[in-house]
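Worksheet for the structure shown next.
For the single chain, residues carry numbers from 1 onward in sequence order. Remember, it's 1-based here, ligands and their atoms both numbered in the order they're listed.
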Amino acid sequence: MILVFLGPPGAGKGTQCKILADKYKLKHLSSGDMLRRERQEETELGQKAQEYMDSGQLVPDDLIVAMMSKEITGAGGDSSAGVILDGFPRTINQAQELDKALEAAGKNVDAVLNLEVDDGMLENRITGRRSCSVCGAAYHIMFNKPKKDGLCDKDGAELVQRSDDTAEVVRNRIRTYHEQTAPLISYYQEKGKNRTIDGNQAIDDVTDAMCKEIDGLSC
Ligand code: AMP
């Protein structure tokens, strides 16, 4: 099974992907996490991606497509029933390249889960996000507070903010989403793959709505 997650930054894609990957034993492939790892390891790709990520723009398609194609067509082996794509594709060109790579491997996108959230909610959701510098556990300064301010409940390590989660960069990321990624909704609607879900609801309700969609797929 190959699922694509669409939605603006702060819609809750990462949170839902982790829950669903666990429940359905799918491999969670997050292009943003992969790029952050490349940056941490100071690879050539990481260095090329840095400037785009820090300003809230998309990394050029050719770099992303090369990084993702290999992972996706190779995924879905013994340990997993398929993949959830989180943050990829993000342009029409990336979606077309994904379709080509999947077709060559005899696979296809089964469904697109499109999380819709009002723009007014996104900025607060994102600028309040914090994560553990050691284990990566996710928190929010208003909606999911740690027991002790600034420290992880699990291992006591310091909580940090993503460098692109600041207000100015967030506004650019939301604009970039509307200009370059939102057109993918029609792209997948035309193929009968799009399932829109109300992401303004509580986390558990969003998960339930997504599970209903996934359970209804014949794959
Ligand atoms: P995310 O963690 O998904 O919010 O991604 C963080 C940043 O990584 C984005 O703002 C982009 O700069 C870059 N990025 C992630 N995925 C893609 C993609 N599919 N295409 C282009 N840039 C991407």
Requested in this report: Step by step, work out the side-chain contact (heavy atoms from CB on, under 4.5 Å) result for Asp165 and Thr127.
Outcome: CA-CA 5 Å; Asp165 272 355; Thr127 53; 5.9 Å; no
Just go through [options] and tell me whose heavy atom is the nearest to [atom].
atom                    : options              : result
atom 20 (N) of ligand 1 : Met67, Arg36, Gln94  : Gln94
atom 21 (C) of ligand 1 : Val59, Asp33, Asp61  : Val59
atom 15 (C) of ligand 1 : Met68, Arg90, Arg173 : Arg90

Query raised in the report: What residue and atom, counting heavy atoms only, is the protein's closest point to atom 14 (N) of ligand 1, and at what distance?
Result: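 Nearest neighbour among protein heavy atoms for atom 14 (N) of ligand 1, to 0.1 Å: Leu35 CD1, 3.5 Å.
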**Report entry** cation_pi(Lys145, Phe143) dist<6.0 Å, angle<=45
**Finding:**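 No; the conditions do not both hold, so Lys145 does not lie above the ring face of Phe143.
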Query raised in the report: In terms of atom number and element, which parts of ligand 1 are under 4.0 angstrom from non-hydrogen atoms of Ser31?
Result: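 Numbered from 1, ligand 1 contributes 15 (C), 16 (N), 17 (C), 19 (N).
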Report task. Provide the number and element of each atom of ligand 1 under 4.0 Å from a heavy atom of Asp164. Result ->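 Here the atoms of ligand 1 in question are 6 (C).
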Query - Lys27/Glu71 salt bridge by N-O under 4.0 Å criterion - result: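 Looking at Glu71 and Lys27, the cut-off is met.
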Query raised in the report: If you take all heavy atoms of His140 and Arg129, which pair is closest and at what distance?
Result: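 Closest approach of His140 to Arg129: CD2-N, 3.8 Å.
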Query - Common cluster, Val169/Leu58, ILVMFWY with side-chain heavy-atom separation under 4.5 Å - result: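 Each belongs to a different hydrophobic cluster.
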Query raised in the report: Do the side chains of Leu98 and Leu63 join up, straight or via other hydrophobic residues, at under 4.5 Å, putting them in one cluster?
Result: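 As far as the 4.5 Å side-chain criterion goes, Leu63 and Leu98 are connected within one cluster.
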Check whether any N or O atom of [X], backbone or side chain, sits under 3.5 Å from an N or O atom of ligand 1, and answer yes or no.
X      : answer
Gly87  : yes
Arg162 : yes
Gln57  : yes

Query - Qualifying residue for side-chain contact (heavy atoms from CB on, under 4.5 Å) with Val206, from Asn200, Ile197, Thr15 - result: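 Filter result, single survivor: Ile197.
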